[in-house]
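Letters go in sequence order (proteins before strands), and every chain restarts at 1.
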Amino acid sequence: MSRTITIDPVTRIEGHATITIRLDDAGDVADARFHVTEFRGFEQFCVGRSIWEMPGITARICGICPVSHSISAARAGDAILGVSIPPAAALLRRIANLASLIQSHALSFFHLSAADLLMGMAGEPSRRNLMGLLSSRPEVARGGIRLRQIGQRIVSLVAGESIHPSWAVPGGVREPLSAAHREQIALLLPDGFAIVRSALGLLEEIYDRHGAEISAFGDFPSLFAGLVSEVEGELEYYDGVLRFVDAGGTVVEELPPAHYDLAIDERAEPWSYMLFPYYRSRVGEADGGMFRVGPLARLNICDAAGTPEAERELVRFRDLRGQGRTVTGSFHYHHARLIEILHALERIGEMLDDPELLDRHVRSDAGINQERGVGFCEAPRGVLFHDYEVDADGVVRRLNLLIATGQNNLAMNRTIRQIAGTFIRGGKFSEGILNRIEHGIRCYDPCLSCATHAYGRMPLRVLLLAPDGTVLDEAARSPLTRPSATLSPGERV
Amino acid sequence: MNKAGTTDRIRFATVWLGGCSGCHMSFLDLDERLVELAEAAELVFSPFVDTKEFPEGVDVTLVEGAVTNRANLAMAERVRERSRIVVSLGDCAVTGNVTSLRNLFPVEAVLAPFRAEDGRSGKAFLDYTSIPELLPRALPLHQVIPVDGYVPGCPPDADRIWEAVRALLRGEPVALAESMRTFG
Ligand code: SF4
């Protein structure tokens, strides 16, 4: 079984992620790897920064979920100050976080995946995108644009801006909510409900279209992890306990999220800039301690949704997609995302009626009281941790960022192995099969750690390699051109 | 007439180098204006479409992000070769911004999380046949290729992007009002 993989370096991997597939002697898939190719180094350059700057800096890790990063950073700051924040501030952070989830999930479902789901995985590549959807299914595409806009609009009504608001701070938030803005948010919700309900109505068509394939899209047993509310075990995005559930639905561990590092560790592989988090107590098992996070995991670990319409959909989801048990296929992340949007709209609606929401007191004041603080929340793609150690002035001395997408790294690699293994036989494949493999990654909607993201943007190159490393089928989707020069960076600096 | 020699829609592209995607998200915040854009221009390469190779004969390319690694460098050069107008979109492309905060540290220190049990770390550990090597410093786009226009902001908001895009589609120079020339 020993074989060599040879992939020509830099020139062949422009873009931010690549996949390589290794074939055995018979031309069947022996291995597949998902390489994340961009790295920005936040954990290093944030050392020496003050906790007051951290929400603003770490928001720039990601333009899709800046709100989740700034909230986690602010919460780490809360813990370092040792304060409990005013109730209105907690409500506002929750609303912004859920609104951010709405826009991010809308982006994933409508802007990025719907073209595959509704126009076919093997559809014409130049039309397989939002623009193509705008002409073939305009009502769906426009609904998606509107739903994302609703999420972004709520974020900006609460936090001042839709992307990188300077709003969440250690101790609370900068601005209270005005009554006028509360009314404007309330007026956006009915449209959101209508769009997500009609998207749920598309699922039948989507499942009919992909009936034969769904079992290949990352369907395997694994652990699932995320937050649930402390007493009721409901869907929870801001607080609660960190729960791990196995594929049979049994709770294997629950711990305070601030102690995440007792449960999760991470390792590096030389072939990817994305680390591989794993569940410590199962690292010796065949899957290396794999667990999944994000929409599918959250629906698998909770005891109940906690809002009426989402609860009805959750029961249906478990019946339809998991025969009443844990749902193990990653294709169902799409369905899970829509249920989460519904839940988020319901929860935002509830919070708008909270009598404390408009309180003007939104920030607690204190100095540096603790040396370490862990902030966390459920980001759109899964549970996110910011863990800071500071000196007496609140200057960060060490930090660990455990990003949601990273936690799905093992599962994403396993998923592309499963899809490739199912569709590639005897060394042959088509463009449509490449797109299926790529879609396996899209199911997770990865936000590749700091700068990389698996939009269709990923110039995904799949090389089929024979055991000796020769390229068997070079069928990339368009002719490859090498960069014009191989200047050493020094010459350009 | 566009560069490809047809009277069709403008050939329009967006590219994402070392940035957070926030500039692209702000671009998506054009919302319904995206429909208008789709009528006036063909999006020939972008994070949002499946084109795998940056095409020839592009009229206008917006570039998000700083140039951080060899793959970014190669991409920037290709974008320049194949685009009539290249615009730096957002502070990372314009100045390096947050992405260039790593320049305060040597690359080896930035790569510290990548280490093996045998103690090898950073460059000695990473396999540069699978992933691109970081440049010694993250650079603003114009330090690598000539750039025709700048749209600052972190991110530039959708109205600002729309001003720039509309001017470009009309073939006019990008002349943002003073209030639209702020950073951050
Ligand atoms: S300029 Fe700001 S929004 Fe744009 S990529 Fe850089 S950090 Fe993100």
Side-chain angles (χ1 to χ4, degrees), chain A residues 6-11 13-15 35 37-41 43-45 57 60-64 66 107 111-112 125-126 128-131 134 145 148-149 152 162-164 268 270-273 275 450-451 453 455-457 459-461 476-481 483-485 489-490 492-493, chain B residues 16 18-26 28-29 31-32 34-35 38 43 46-53 65 68-71 73-75 77-78 81 98-99 101-102 104-105 109-116 125-137 139 143-144 154-155 157:
Chain A
T6 310
I7 297 174
D8 196 60
V10 187
T11 55
I13 44 173
E14 25 178 281
H35 308 265
T37 57
E38 177 116 19
F39 183 70
R40 281 163 75 216
E43 284 172 323
Q44 281 57 54
F45 65 64
I57 296 177
R60 269 78 180 176
I61 288 172
C62 174
I64 301 157
L107 171 76
H111 297 60
L112 303 179
S126 67
R128 209 171 45 205
N129 55 51
L130 181 68
M131 305 301 166
L134 268 169
I145 289 172
R148 178 179 175 279
Q149 182 187 34
Q152 290 286 73
S162 62
I163 302 163
H164 304 332
W271 44 268
S272 182
Y273 279 122
L275 296 175
C450 291
H453 196 281
Y455 288 162
R457 75 181 277 281
L460 187 73
R461 291 242 2 247
R477 298 181 206 205
S478 48
L480 290 165
T481 327
S484 53
R492 311 290 303 210
V493 173
Chain B
W16 173 3
C20 76
S21 83
C23 293
H24 271 86
M25 290 304 110
S26 201
L28 283 189
D29 282 351
D31 297 322
E32 293 87 22
L34 287 172
V35 181
L43 194 58
S46 166
F48 310 117
V49 303
D50 271 359
T51 323
K52 299 299 170 184
E53 187 69 22
T68 71
N69 62 32
R70 283 171 173 270
L73 181 63
M75 186 60 160
E77 287 170 346
R78 179 166 315 169
E81 269 173 32
V98 173
T99 304
L101 285 179
R102 77 160 168 92
L104 300 168
F105 301 83
V110 173
L111 292 176
F114 299 97
R115 69 172 77 81
F125 170 65
L126 291 169
D127 170 12
Y128 289 138
T129 63
S130 297
I131 49 179
E133 187 176 354
L134 293 187
L135 301 181
R137 292 192 288 141
L139 302 170
Q143 286 195 11
V144 171
C154 179
D157 66 25

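Interface check for chain A: of the options B:Cys23, B:Gly22, B:Ala116, B:Ala112, the most heavy-atom pairs under 4.5 Å are formed by B:Gly22. In terms of non-hydrogen atom pairs under 4.5 Å with chain B, the most contact-rich of A:Ser126, A:Ala268, A:Pro66 is A:Ala268.
Interface remark: B:Phe114 contributes backbone and side-chain atoms alike to the contact with chain A (heavy atom separation under 4.5 Å). With a 4.5 angstrom heavy-atom cutoff, B:Leu104 touches chain A only via side-chain atoms. Residue contact with chain B, scored on non-hydrogen atoms closer than 4.5 Å, involves the side chain of A:Leu134 exclusively. Looking at A:Gln149, both its backbone and its side chain come within 4.5 Å of chain B, counting heavy atoms on both sides. For a residue to count as touching a neighbouring chain, one of its non-hydrogen atoms must lie under 4.5 Å from one of that chain's; by this rule B:Leu43 touches chain A with the side chain only.
The shortest distance between side-chain heavy atoms of B:Met25 and A:His164 does not fall below 4.5 Å. A heavy-atom distance below 4.5 Å is not found between the side chains of A:Arg60 and B:Thr99. Looking at B:Ile131 and A:Tyr273, their side chains come closer than 4.5 Å, going by heavy atoms from C-beta outward.
Checked against side-chain hydrogen bond (donor to acceptor under 3.5 Å, both in side chains), A:Gln44 has no partners two or more places apart in sequence or in another chain. When the side-chain hydrogen bond (donor to acceptor under 3.5 Å, both in side chains) test is applied to B:Thr68, the partners found at least two apart in sequence or on another chain are A:Glu38, B:Asn72.
Annotation for B:Val110 and A:Phe39: closest pair O-CE2, 3.3 Å, computed over non-hydrogen atoms.
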